[in-house]
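Here the structure is laid out as C-alpha coordinates; the discussion comes afterwards.
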2 protein chains.
Amino acid sequence: MKKNTRNTKAKAEILKFINSSTRAVSHLDIQKSLGEFCDRVTIYRVLERLTEEKSIHRIVNVDGVINYASCSSCAAHHTHNHVHFSCINCKELSCLENNEITLTLPEGYQFKEAFLTVSGVCKECVDRSLV
Amino acid sequence: MKKNTRNTKAKAEILKFINSSTRAVSHLDIQKSLGEFCDRVTIYRVLERLTEEKSIHRIVNVDGVINYASCSSCAAHHTHNHVHFSCINCKELSCLENNEITLTLPEGYQFKEAFLTVSGVCKECVDRSLV
DNA sequence: ACAATATCGCAACAATGTTGCATTAAATGA
DNA sequence: TCATTTAATGCAACATTGTTGCGATATTGT
(Lines give C-alpha, C1' and ligand atoms only; values in the text may rest on other atoms or scores of the structure.)
Protein backbone atom coordinates (compact mmCIF):
# COMPACT_ATOMS: atom_id res chain seq x y z
CA MET A 1 0.00 0.00 0.00
CA LYS A 2 2.09 2.87 -1.28
CA LYS A 3 1.30 6.37 -0.12
CA ASN A 4 0.94 8.81 -2.94
CA THR A 5 2.39 12.24 -2.56
CA ARG A 6 0.69 15.28 -3.95
CA ASN A 7 1.97 18.39 -5.60
CA THR A 8 0.66 21.23 -3.56
CA LYS A 9 1.22 24.95 -3.79
CA ALA A 10 3.26 24.96 -0.60
CA LYS A 11 5.48 22.17 -1.79
CA ALA A 12 6.02 23.80 -5.18
CA GLU A 13 6.81 27.17 -3.65
CA ILE A 14 9.25 25.77 -1.10
CA LEU A 15 11.03 23.64 -3.66
CA LYS A 16 11.26 26.62 -5.99
CA PHE A 17 12.83 28.69 -3.25
CA ILE A 18 15.36 26.01 -2.39
CA ASN A 19 16.24 25.39 -6.01
CA SER A 20 16.68 29.05 -6.78
CA SER A 21 18.88 29.64 -3.78
CA THR A 22 22.64 29.57 -4.21
CA ARG A 23 23.13 28.32 -0.70
CA ALA A 24 21.59 25.80 1.64
CA VAL A 25 18.65 27.32 3.48
CA SER A 26 17.20 26.77 6.90
CA HIS A 27 13.59 26.46 7.94
CA LEU A 28 13.79 30.06 9.12
CA ASP A 29 15.08 31.26 5.75
CA ILE A 30 12.13 29.65 4.05
CA GLN A 31 9.68 31.05 6.56
CA LYS A 32 11.00 34.57 6.07
CA SER A 33 10.92 34.20 2.32
CA LEU A 34 7.41 32.82 2.09
CA GLY A 35 5.91 35.15 4.65
CA GLU A 36 2.22 34.38 5.14
CA PHE A 37 2.15 32.07 2.17
CA CYS A 38 1.78 29.03 4.35
CA ASP A 39 1.99 27.88 7.92
CA ARG A 40 5.19 27.25 9.83
CA VAL A 41 4.16 23.67 10.45
CA THR A 42 3.52 23.09 6.77
CA ILE A 43 7.09 24.07 6.00
CA TYR A 44 8.36 21.45 8.44
CA ARG A 45 6.16 18.82 6.90
CA VAL A 46 7.00 19.74 3.31
CA LEU A 47 10.71 19.68 4.10
CA GLU A 48 10.30 16.24 5.59
CA ARG A 49 8.46 15.04 2.51
CA LEU A 50 10.90 16.57 0.06
CA THR A 51 13.77 14.96 1.94
CA GLU A 52 12.09 11.57 1.82
CA GLU A 53 11.47 12.00 -1.88
CA LYS A 54 15.13 12.95 -2.21
CA SER A 55 14.24 16.17 -3.99
CA ILE A 56 16.40 18.00 -1.46
CA HIS A 57 18.95 16.96 1.12
CA ARG A 58 19.74 17.93 4.67
CA ILE A 59 23.01 19.46 5.77
CA VAL A 60 23.77 20.09 9.41
CA ASN A 61 25.65 23.34 9.77
CA VAL A 62 28.58 23.76 12.15
CA ASP A 63 26.31 25.57 14.59
CA GLY A 64 23.88 22.67 14.61
CA VAL A 65 21.30 24.35 12.41
CA ILE A 66 19.79 22.06 9.82
CA ASN A 67 19.85 23.38 6.28
CA TYR A 68 18.29 22.11 3.10
CA ALA A 69 19.65 22.24 -0.37
CA SER A 70 19.02 20.93 -3.81
CA CYS A 71 22.56 21.88 -4.62
CA SER A 72 23.01 20.51 -8.11
CA SER A 73 26.75 20.35 -7.70
CA CYS A 74 26.12 18.23 -4.62
CA ALA A 75 23.76 16.00 -6.50
CA ALA A 76 26.37 15.46 -9.13
CA HIS A 77 28.76 13.88 -6.67
CA HIS A 78 26.33 12.89 -4.02
CA THR A 79 27.75 9.48 -3.53
CA HIS A 80 31.20 10.91 -3.05
CA ASN A 81 32.62 12.49 0.05
CA HIS A 82 32.71 16.14 -0.76
CA VAL A 83 33.08 19.07 1.56
CA HIS A 84 30.73 21.88 2.47
CA PHE A 85 31.81 25.39 3.35
CA SER A 86 29.98 27.36 6.02
CA CYS A 87 30.54 31.11 6.40
CA ILE A 88 30.54 32.10 10.07
CA ASN A 89 29.41 35.58 9.10
CA CYS A 90 26.65 35.31 6.51
CA LYS A 91 25.93 31.62 7.19
CA GLU A 92 26.31 30.83 3.52
CA LEU A 93 26.59 27.11 3.08
CA SER A 94 27.97 25.87 -0.19
CA CYS A 95 29.78 22.97 -1.77
CA LEU A 96 33.52 22.99 -2.10
CA GLU A 97 34.80 21.68 -5.38
CA ASN A 98 38.09 19.85 -5.72
CA ASN A 99 37.91 18.34 -2.29
CA GLU A 100 37.11 14.75 -2.93
CA ILE A 101 38.21 12.89 0.12
CA THR A 102 39.19 9.33 0.69
CA LEU A 103 38.16 8.13 4.11
CA THR A 104 39.56 5.04 5.71
CA LEU A 105 37.63 3.46 8.55
CA PRO A 106 39.23 1.06 11.02
CA GLU A 107 38.77 -2.66 10.43
CA GLY A 108 35.24 -3.82 11.20
CA TYR A 109 33.58 -0.40 11.04
CA GLN A 110 30.61 0.24 8.79
CA PHE A 111 30.39 3.46 6.82
CA LYS A 112 27.06 5.23 6.51
CA GLU A 113 27.51 8.89 5.68
CA ALA A 114 30.13 11.61 5.73
CA PHE A 115 29.55 15.09 7.11
CA LEU A 116 32.41 17.29 6.09
CA THR A 117 32.12 20.98 6.72
CA VAL A 118 34.70 23.70 6.88
CA SER A 119 33.87 26.93 8.64
CA GLY A 120 35.42 30.26 7.85
CA VAL A 121 34.66 33.50 6.06
CA CYS A 122 33.53 33.52 2.45
CA LYS A 123 35.00 35.84 -0.17
CA GLU A 124 32.04 38.22 -0.14
CA CYS A 125 32.30 38.75 3.61
CA VAL A 126 36.07 39.06 3.54
CA ASP A 127 35.81 41.74 0.85
CA ARG A 128 33.03 43.56 2.67
CA SER A 129 34.98 43.72 5.93
CA LEU A 130 37.98 45.20 4.15
CA VAL A 131 36.01 48.11 2.73
CA MET B 1 41.25 44.18 32.00
CA LYS B 2 41.17 40.42 31.88
CA LYS B 3 38.19 38.60 33.30
CA ASN B 4 39.13 35.95 35.82
CA THR B 5 37.31 32.66 35.81
CA ARG B 6 36.58 30.78 39.00
CA ASN B 7 36.59 27.12 39.84
CA THR B 8 33.15 26.42 41.12
CA LYS B 9 31.49 23.22 42.20
CA ALA B 10 29.26 23.19 39.15
CA LYS B 11 32.19 23.67 36.80
CA ALA B 12 34.22 20.95 38.52
CA GLU B 13 31.37 18.49 38.47
CA ILE B 14 30.50 19.10 34.84
CA LEU B 15 34.10 18.85 33.74
CA LYS B 16 34.51 15.64 35.72
CA PHE B 17 31.49 14.16 34.01
CA ILE B 18 32.72 15.08 30.56
CA ASN B 19 36.23 13.81 31.25
CA SER B 20 35.01 10.52 32.63
CA SER B 21 32.70 9.90 29.71
CA THR B 22 33.91 7.75 26.85
CA ARG B 23 31.81 9.65 24.37
CA ALA B 24 30.88 13.22 23.64
CA VAL B 25 27.94 14.31 25.77
CA SER B 26 25.07 16.70 25.20
CA HIS B 27 23.60 19.31 27.52
CA LEU B 28 20.79 16.85 28.19
CA ASP B 29 23.19 14.06 29.14
CA ILE B 30 24.81 16.34 31.67
CA GLN B 31 21.49 17.51 33.04
CA LYS B 32 20.32 13.94 33.54
CA SER B 33 23.58 12.98 35.17
CA LEU B 34 23.77 15.90 37.58
CA GLY B 35 20.11 15.86 38.51
CA GLU B 36 19.35 18.64 40.97
CA PHE B 37 23.01 19.42 41.50
CA CYS B 38 22.72 22.70 39.66
CA ASP B 39 20.39 24.68 37.45
CA ARG B 40 19.85 24.03 33.76
CA VAL B 41 21.01 27.52 32.96
CA THR B 42 24.21 27.02 34.90
CA ILE B 43 25.07 24.04 32.72
CA TYR B 44 24.70 26.19 29.61
CA ARG B 45 26.93 28.86 31.08
CA VAL B 46 29.55 26.44 32.37
CA LEU B 47 29.72 24.72 29.00
CA GLU B 48 30.22 28.07 27.37
CA ARG B 49 33.01 28.92 29.78
CA LEU B 50 34.75 25.56 29.48
CA THR B 51 34.64 25.86 25.71
CA GLU B 52 36.17 29.34 25.85
CA GLU B 53 38.87 28.08 28.17
CA LYS B 54 39.41 25.23 25.73
CA SER B 55 39.00 22.65 28.47
CA ILE B 56 36.43 20.96 26.28
CA HIS B 57 35.40 21.25 22.67
CA ARG B 58 32.13 21.32 20.83
CA ILE B 59 31.21 18.74 18.26
CA VAL B 60 28.01 19.02 16.31
CA ASN B 61 26.67 15.55 15.88
CA VAL B 62 25.24 14.38 12.59
CA ASP B 63 21.71 14.94 13.91
CA GLY B 64 22.44 18.58 14.73
CA VAL B 65 22.78 18.03 18.46
CA ILE B 66 25.72 19.82 19.99
CA ASN B 67 27.99 17.58 22.04
CA TYR B 68 30.93 18.34 24.26
CA ALA B 69 34.05 16.28 24.75
CA SER B 70 37.46 16.45 26.27
CA CYS B 71 38.66 13.80 23.85
CA SER B 72 42.36 13.54 24.73
CA SER B 73 43.28 11.94 21.44
CA CYS B 74 41.70 14.93 19.74
CA ALA B 75 43.77 17.31 21.76
CA ALA B 76 46.93 15.65 20.51
CA HIS B 77 46.27 16.60 16.92
CA HIS B 78 43.85 19.40 17.47
CA THR B 79 45.40 21.74 14.96
CA HIS B 80 45.16 19.20 12.19
CA ASN B 81 42.14 18.36 10.14
CA HIS B 82 41.26 14.99 11.49
CA VAL B 83 38.02 13.14 11.26
CA HIS B 84 35.56 12.09 13.93
CA PHE B 85 33.58 8.93 13.81
CA SER B 86 30.04 8.88 15.17
CA CYS B 87 28.36 5.55 15.77
CA ILE B 88 24.67 5.76 14.90
CA ASN B 89 23.95 2.97 17.34
CA CYS B 90 25.87 3.59 20.57
CA LYS B 91 26.54 7.29 19.81
CA GLU B 92 30.19 6.79 20.57
CA LEU B 93 32.19 9.63 19.10
CA SER B 94 35.86 8.98 18.47
CA CYS B 95 38.79 10.20 16.45
CA LEU B 96 39.80 8.50 13.25
CA GLU B 97 43.50 8.06 12.75
CA ASN B 98 45.18 8.11 9.37
CA ASN B 99 42.73 10.55 7.91
CA GLU B 100 44.67 13.77 7.75
CA ILE B 101 42.97 15.82 5.13
CA THR B 102 44.17 18.60 2.91
CA LEU B 103 41.45 21.13 2.29
CA THR B 104 41.57 23.68 -0.45
CA LEU B 105 39.37 26.75 -0.15
CA PRO B 106 38.47 28.96 -3.11
CA GLU B 107 40.48 32.12 -3.65
CA GLY B 108 39.71 34.79 -1.06
CA TYR B 109 38.13 32.50 1.48
CA GLN B 110 39.36 32.40 5.07
CA PHE B 111 39.69 29.11 6.89
CA LYS B 112 38.60 28.87 10.51
CA GLU B 113 37.84 25.31 11.49
CA ALA B 114 37.08 21.91 10.00
CA PHE B 115 34.21 19.75 11.14
CA LEU B 116 34.67 16.32 9.70
CA THR B 117 32.44 13.56 10.92
CA VAL B 118 31.68 10.19 9.49
CA SER B 119 28.63 8.33 10.69
CA GLY B 120 28.27 4.58 10.69
CA VAL B 121 28.47 1.62 12.99
CA CYS B 122 31.52 1.00 15.16
CA LYS B 123 33.19 -2.39 15.45
CA GLU B 124 31.72 -3.14 18.85
CA CYS B 125 28.16 -2.57 17.62
CA VAL B 126 28.78 -4.50 14.41
CA ASP B 127 30.10 -7.48 16.37
CA ARG B 128 27.27 -7.29 18.85
CA SER B 129 24.60 -7.32 16.14
CA LEU B 130 26.16 -10.40 14.56
CA VAL B 131 25.94 -12.42 17.74
C1' DA C 1 -17.86 15.33 -11.04
C1' DC C 2 -17.09 12.49 -7.10
C1' DA C 3 -14.89 9.90 -3.60
C1' DA C 4 -10.74 8.90 -1.13
C1' DT C 5 -7.27 10.70 1.44
C1' DA C 6 -2.91 13.50 1.44
C1' DT C 7 -2.07 17.88 3.00
C1' DC C 8 -3.08 22.15 5.41
C1' DG C 9 -3.99 25.51 9.20
C1' DC C 10 -4.53 26.20 13.75
C1' DA C 11 -3.90 25.53 18.47
C1' DA C 12 -1.56 23.51 21.95
C1' DC C 13 2.41 21.48 23.52
C1' DA C 14 7.43 20.06 24.12
C1' DA C 15 12.21 20.81 23.88
C1' DT C 16 16.01 23.74 23.80
C1' DG C 17 18.39 27.91 24.46
C1' DT C 18 18.70 33.02 26.27
C1' DT C 19 18.40 37.10 29.35
C1' DG C 20 17.86 40.10 33.58
C1' DC C 21 18.51 40.50 38.19
C1' DA C 22 18.97 39.66 43.07
C1' DT C 23 21.74 36.47 45.77
C1' DT C 24 25.74 33.51 46.69
C1' DA C 25 30.33 32.23 46.97
C1' DA C 26 35.27 32.07 44.91
C1' DA C 27 39.56 34.54 44.92
C1' DT C 28 42.46 38.09 46.52
C1' DG C 29 44.82 41.21 49.50
C1' DA C 30 45.04 43.37 54.07
C1' DT D 1 41.43 35.02 59.11
C1' DC D 2 38.34 38.33 57.48
C1' DA D 3 36.57 41.85 54.42
C1' DT D 4 36.10 43.12 49.71
C1' DT D 5 35.35 42.39 44.92
C1' DT D 6 32.85 40.46 41.41
C1' DA D 7 32.35 35.95 38.91
C1' DA D 8 29.03 32.66 39.08
C1' DT D 9 24.53 30.88 40.47
C1' DG D 10 19.40 30.25 40.81
C1' DC D 11 15.16 31.62 39.46
C1' DA D 12 11.72 33.45 36.62
C1' DA D 13 10.44 34.91 32.39
C1' DC D 14 11.01 34.85 27.71
C1' DA D 15 12.48 33.36 22.84
C1' DT D 16 13.17 30.01 19.42
C1' DT D 17 12.61 25.72 17.25
C1' DG D 18 10.34 21.55 16.43
C1' DT D 19 6.14 18.21 17.21
C1' DT D 20 1.34 16.45 17.51
C1' DG D 21 -3.79 16.09 17.07
C1' DC D 22 -7.62 17.19 14.60
C1' DG D 23 -11.14 19.27 11.80
C1' DA D 24 -11.12 21.59 7.30
C1' DT D 25 -9.37 21.80 2.62
C1' DA D 26 -7.59 20.53 -1.76
C1' DT D 27 -5.36 17.15 -4.91
C1' DT D 28 -5.69 13.08 -7.53
C1' DG D 29 -7.46 8.74 -9.62
C1' DT D 30 -11.65 6.88 -11.33
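Just so it is clear, the structure is predicted and the values come from calculations on it, not from any experiment. Just the heavy atoms: all of them, side chains too, but no hydrogens, waters or symmetry mates, feed the values below. Numbered from 1 within each chain, the chains take letters A, B, ... in sequence-line order.
Using a 4.0 Å cut-off between charged side-chain N and carboxylate O, Glu48(A) and Arg45(A) make no salt bridge. A salt bridge links Glu13(A) with Lys16(A): the distance from a Lys NZ or Arg NE/NH1/NH2 to an Asp or Glu carboxylate oxygen falls below 4.0 Å.
The closest side-chain donor-acceptor pair between Asn61(A) and Ser86(A) falls under 3.5 angstrom. Side-chain contact, Asn67(A) with Ser26(A): no donor N or O sits under 3.5 Å from an acceptor N or O.
Looking at Thr5(B) and Glu53(B), their side chains come closer than 4.5 Å, going by heavy atoms from C-beta outward.
Taking atom OH on Tyr44(B) and atom C1' on dA15(D), their separation rounds to 12 Å, with Å as the unit. When rounded to the nearest whole Å, the span between CG of Leu47(B) and P of dT18(C) equals 11 Å. Across the protein-nucleic acid pair, Glu48(A) atom CD and dT17(D) atom P stand 18 Å apart, rounded to whole Å. To the nearest angstrom, P of dG10(D) lies 9 Å from CD1 of Ile14(B). Atom-to-atom, CZ of Phe37(B) to C1' of dA8(D) comes out at 13 Å; the value is rounded to the nearest Å. Per the geometry, CG belonging to Leu28(B) stands 13 Å off C1' belonging to dA14(C), to the nearest Å. Distance Gln31(A) CD to dG9(C) P: 12 Å, rounded to the nearest Å. Between the CG atom of Asp39(A) and the P atom of dT20(D) there is a distance of 16 Å, given to the nearest Å.
In the set dT16(C), dG9(C), dT19(C), the nucleotide with an atom closest to the side chain of Thr42(A) is dG9(C). For His27(A), counting side-chain heavy atoms from C-beta on, the closest listed nucleotide (dG18(D), dT16(C), dC8(C)) is dG18(D).
The list of ring-ring contact (aromatic ring centres under 6.0 Å, His included) pairs with a residue in residues 21-52 of chain B, not counting sequence neighbours, reads His27(B)-Tyr44(B).
Residue Arg45(A) places no side-chain atom within donor-acceptor reach of the base of dG18(D), judged by atom type and a 3.5 Å distance cut-off alone. With hydrogens and angles ignored, no donor-acceptor pair under 3.5 angstrom links the side chain of Arg40(A) to the base of dG9(C).
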Restricting both atoms to N or O, compile the protein contacts to nucleotides 1-3 of chain D shorter than 3.5 Å, with distance only.
none

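Aromatic ring centres of Phe115(A) and Phe115(B): separated by at least 6.0 Å.
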Margin query: I'd like to know whether Glu113(A) forms a salt bridge (Lys or Arg N to Asp or Glu O under 4.0 Å) with Arg58(A), so could you lay out the CA-CA distance, the side-chain angles of the two residues, the decisive distance to 0.1 Å, and finally the verdict.
Written below: CA-CA 12 Å; Glu113(A) 212 171 342; Arg58(A) 289 164 51 114; over 6 Å; no

Next item on the list: Given side chain to side chain contact (heavy atoms under 4.5 Å, CB included), test Val121(A) with Tyr109(B) step by step and report yes or no.
Entry: CA-CA 6 Å; Val121(A) 187; Tyr109(B) 278 54; over 6 Å; no

Next item on the list: Determine, stepwise, if the pair Ile14(A) / Leu34(A) fulfils side chain to side chain contact (heavy atoms under 4.5 Å, CB included).
Entry: CA-CA 8 Å; Ile14(A) 292 170; Leu34(A) 297 196; 3.6 Å; yes

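Arg49(A) comes within 4.0 angstrom of sugar-phosphate atoms only, judged by non-hydrogen atoms across all strands, and of no base.
Residues Lys11(A) and Ile66(B) each lie close to DNA chain C; by heavy-atom proximity, the contact nearer the 5' end of the strand is made by Lys11(A). Each of Glu53(B) and Val41(B) was matched to the nucleotide of DNA chain D holding its nearest heavy atom; the match closer to the 5' end belongs to Glu53(B).
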Item checked: Nucleic acid footprint by protein, nucleotides 24-30 of chain C - heavy-atom cut-off 4.0 Å, B for base, S for sugar-phosphate alone -> -BBS---

